[in-house]
Structure formats: C-alpha cells, structure tokens
Amino acid sequence: MTASEANRTEAVVPKDGAAAKAIFNDGKAHDALRTIGEVTKALGIRQHVLRYWEEQFPALQPIKRSGNRRYYRPEDVALIADIDRLVNREGYTLRGAGMALGQKAVGEAAMPLERGEDAAPAADAVFADLRRIRNRLALALAAD
C-alpha cells in the first residue's frame with residue numbers, strides 16, 4: 001500500500017447531502033462550498049490530479065471566484081469520489097470512467113454511440129474476459 005492510498009478515506013460517498021458529513025468533519029454546513037485544498041485532503045487526491053480531471057470530465061466544473069480559486073459543491077465532491085473510485089480502485093481509464101459515469105469524454109467525437117441488439121452480449125463477454133485477465137494478474141502479483 002502506498003502512502004497516498006493510506007491517506008485516502010475509504011468511506012462511501014452518498015449522492016445526497018450526507019456526503020459532506022461522511023467526508024468532512026470541519027463544522028461547516030453539509031452544503032458548504034469546499035476549497036480545492038479541503039477536497040484533496042479529505043479524499044487523498046493531489047491537487048494537480050484534480051485540476052487535470054476537471055479538464056477530462058466536463059461535468060466537473062467547480063465554481064471559480066477571484067484569482068481563479070476553485071470552490072466545490074457537494075455534488076462536485078461526490079463526482080470526484082466516484083471518479084477516484086473508478087480510476088484508482090477499480091482500474092478504469094479516464095475515458096472508461098467517463099463512459100461509466102455517462103459522460104462524453106473531452107476530445108471524443110460528437111457522434112452518438114450506436115448500440116446494436118447484439119452489443120450487450122458482446123460487452124458481457126468482453127467484461128468476463130477482462131475480469132479473468134484481472135484475476136490472473138492479481139494472482140501473479142500476489143505470487144511475487
């Protein structure tokens with residue numbers, strides 16, 4: 001376990017106002033705006049990573065005030081926690097995390113994805129193969 005993983009909170013972040021109570025214990029109201037420092041400290045994410053995620057995830061748009069200071073709403077914090085879970089715990093790429101969250105990634109073609117009737121079974125087979133590969137890799141890493 002790396003130092004950054006040890007600093008992360010393992011709390012599940014609910015989508016409602018209880019998210020702030022679950023993560024922040026600073027006496028502020030649950031719907032208060034949070035600075036980038038407060039969010040990164042609570043979630044164990046580095047500030048430069050969070051700024052990069054803002055570029056990659058169009059839905060992640062904090063309020064910017066004087067001097068370009070970022071302030072995050074509770075729904076922003078919940079989205080950041082979801083992105084962190086997908087990318088750092090479940091192994092998604094940023095593009096895959098965006099797709100899992102139902103967002104179009106930045107720079108992706110504006111054409112909608114076409115889904116044929118056989119797309120779901122094909123996707124299930126791909127995911128099953130990927131799970132098998134992930135399990136084999138985990139076993140190989142554990143053997144070292």
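Any value given below was found using the heavy atoms of this structure, including those in side chains, with hydrogens, waters and symmetry copies removed.
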Gap between atom CD1 of I45 and atom CD1 of I36 - 0.5 Å precision
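Between atom CD1 of I36 and atom CD1 of I45 there are 10.0 Å.
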Closer than 3.5 angstrom, by distance alone: can the side chain of R95 be matched with the main-chain N or O of Q56 as a donor-acceptor pair?
no
Give me each pair satisfying salt bridge (charged side-chain N to carboxylate O under 4.0 Å, His left out) with a member in residues 125-139, each pair once, sequence neighbours excluded.
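Found D129-R132.
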Which residue pairs pass the salt bridge (charged side-chain N to carboxylate O under 4.0 Å, His left out) test with at least one member in residues 58-72, sequence neighbours excluded?
E54-R70
Show the nearest heavy-atom pair for residues [X] and [Y], with the distance to one decimal.
{"X": "L94", "Y": "F57", "result": "O-CZ, 3.6 Å"}
{"X": "D84", "Y": "W53", "result": "CA-CH2, 3.7 Å"}
{"X": "P74", "Y": "A32", "result": "CD-O, 4.3 Å"}

Indicate, with yes or no, if L130 and L137 share a hydrophobic cluster defined by side-chain heavy-atom contacts under 4.5 Å among Ile, Leu, Val, Met, Phe, Trp and Tyr.
no
I would like to know whether L79 and L101 meet side chain to side chain contact (heavy atoms under 4.5 Å, CB included); could you show each step before the answer?
CA-CA 9 Å; L79 178 60; L101 293 170; 3.8 Å; yes
For V39, which residues count as a side chain to side chain contact (heavy atoms under 4.5 Å, CB included) partner, sequence neighbours excluded?
F24, R34, L43, L50, Y72, V77, I80
Check side chain to side chain contact (heavy atoms under 4.5 Å, CB included) between E90 and all other residues, then give those that pass, not counting sequence neighbours.
R85, L86, Y92
Considering only Ile, Leu, Val, Met, Phe, Trp and Tyr, and joining two whenever side-chain heavy atoms are under 4.5 Å apart, list the other residues clustered with I63.
L33, Y71
Please identify each residue that fulfils side chain to side chain donor-acceptor pair (under 3.5 Å) with Q47, with sequence neighbours left out.
R51
